[in-house]
**Student:** 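Just dropping this structure here.
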Amino acid sequence: MDQLEMKKVAAKAALQFVKPDMIVGVGSGSTVNCFIEELGSLRNQIKGAVAASKASEELLRKQGIEVFSANDVSSLDIYVDGADEINPQKMMIKGGGAALTREKIVASLAKNFICIVDSSKQVDVLGTTFPLPVEVIPMARSQVARKLVSLGGSPEWREGVITDNGNVILDVHHFTIMNPVEMEKELNNVAGVVTNGIFALNAANTLIVGTPEGAKIIS
Ligand code: 5RP
């Protein structure tokens, strides 16, 4: 079974958490795109969705699902999103699709953060296989890059990419993230950083891993 098939298995399994009349929080990325396609089958049973990216918003509308703003809701029962890496504590690196800021915002509204991945995303230590994305205000790009170097990382500007919020992304290589909570806080305190891609302060509650043997659900 290839990676996309495993993503589809995880996405389909997430549907069991969607209940009638819900407004569903929806992240972004290729695994979430599979989830949005599945969610289309429930369009007449749910109230709608809050999306974490313009791309997801568009796909949800194509499925006939009403899209609400995060400002329209006070909380969400569930938020479904993928990850670039996830550790055994369900802490993640996210932002491969440059949507990390809105993902953190929508995720923080949810009672149950459901992370859907294929098994290649499971790691023991964050930062092992994927660089850490950091969203930065454009005028602060160089100074934030210098600060990231001083912290032991090797930042690389994701040239040509502008986030939905009009900012740039630095992908930081060679960070081995032994204490994700502390590192998330430290990077958030760097002037010019909008969000970093460590999701540890608000880790996932439920992990669904797509495998050739079916979906593994870890609560
Ligand atoms: C986007 C993300 C995605 O959830 C993450 O990159 C995983 O993507 P995919 O499902 O395509 O593997 O954080 O900002």
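Atoms within each ligand, like the ligands themselves, are counted from 1 in listed order. Along the sequence shown, the residues carry numbers beginning at 1.
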**Student:** Tell me whether V32 has any N or O atom under 3.5 angstrom from an N or O of ligand 1.
**Tutor:** no

**Student:** Does the pair R102/E57 count as a salt bridge with the N-to-O cut at 4.0 Å?
**Tutor:** no

**Student:** Given K94, E103, E135, identify the one with the heavy atom nearest to atom 1 (C) of ligand 1.
**Tutor:** E103

**Student:** Go through the side-chain N and O atoms of N202 and S108 and say whether any donor and acceptor fall under 3.5 Å apart.
**Tutor:** no

**Student:** Under a 4.0 angstrom heavy-atom cut-off, which atoms of ligand 1 come close to G82?
**Tutor:** 4 (O)

**Student:** For L100 and I169, run side chain to side chain contact (heavy atoms under 4.5 Å, CB included): C-alpha distance rounded to whole Å, both residues' side-chain angles, the deciding distance at 0.1 Å, then the answer.
**Tutor:** CA-CA 10 Å; L100 60 165; I169 298 284; 3.6 Å; yes

**Student:** How far is atom 10 (O) of ligand 1 from the closest protein heavy atom, and which atom is that?
**Tutor:** T31 OG1, 2.5 Å

**Student:** Tell me which protein heavy atom sits closest to atom 9 (P) of ligand 1, plus the residue, atom name and distance to 0.1 Å.
**Tutor:** S30 OG, 3.3 Å

**Student:** Can you list the ligand 1 atoms lying under 4.0 Å from a non-hydrogen atom of G95?
**Tutor:** 2 (C), 13 (O), 14 (O)

**Student:** List ligand 1 atoms under 4.0 Å from A99, heavy atoms only on the residue side.
**Tutor:** 14 (O)

**Student:** Which residue in the set D77, I114, I46 passes side-chain contact (heavy atoms from CB on, under 4.5 Å) when paired with V18?
**Tutor:** I46

**Student:** If you have a sec, work out which protein heavy atom is nearest atom 6 (O) of ligand 1 and how many Å separate them, to one decimal?
**Tutor:** D84 OD1, 2.6 Å

**Student:** Should K54 and E58 count as an ion pair when the cut-off is N to O under 4.0 Å?
**Tutor:** no

**Student:** Which of the numbered atoms in ligand 1 are under 4.0 angstrom from any heavy atom belonging to G97?
**Tutor:** 1 (C), 6 (O), 14 (O)

**Student:** Between E85 and T129, is any side-chain donor less than 3.5 angstrom from a side-chain acceptor?
**Tutor:** yes

**Student:** Relative to ligand 1, is D81 under 4.0 angstrom through side chain, backbone, both or neither, heavy atoms considered?
**Tutor:** side chain

**Student:** For atom 3 (C) of ligand 1, which protein heavy atom lies nearest, and how many Å away is it?
**Tutor:** S28 O, 3.3 Å

**Student:** Nearest 0.5 angstrom please: S56 OG to D81 CG, how far?
**Tutor:** 8.0 Å

**Student:** Can you sort out which atoms of ligand 1 are near G96, meaning under 4.0 Å from one of its heavy atoms?
**Tutor:** 6 (O), 13 (O), 14 (O)

**Student:** Return yes if some donor-acceptor pair links the side-chain N/O of D84 with the main-chain N/O of G95 below 3.5 Å, else return no.
**Tutor:** yes

**Student:** What's the spacing between L132 CG and I177 CD1 if we round to 0.5 Å?
**Tutor:** 5.0 Å

**Student:** Under 4.0 Å, heavy atoms only, figure out whether ligand 1 is touched by the backbone of S53, its side chain, both or neither.
**Tutor:** neither

**Student:** Considering only the protein, which heavy-atom contact is closest to atom 12 (O) of ligand 1, and what is its distance?
**Tutor:** K121 NZ, 2.6 Å

**Student:** If the cut-off is 4.0 Å to any non-hydrogen atom of K7, which atoms of ligand 1 fall inside it?
**Tutor:** 9 (P), 11 (O), 12 (O)

**Student:** Taking R158 for its side chain and D171 for its backbone only, find out whether a donor-acceptor pair lies under 3.5 Å.
**Tutor:** no

**Student:** Do I116 and L109 belong to the same hydrophobic cluster, where Ile, Leu, Val, Met, Phe, Trp and Tyr are linked whenever their side-chain heavy atoms lie under 4.5 Å apart, directly or via other members?
**Tutor:** no

**Student:** Just to check, does A98 reach to within less than 4.0 Å of ligand 1 when the distance is taken from its heavy atoms?
**Tutor:** yes

**Student:** Geometry only, no angles: is G29 polar-contacting ligand 1 at N/O separations under 3.5 Å?
**Tutor:** no

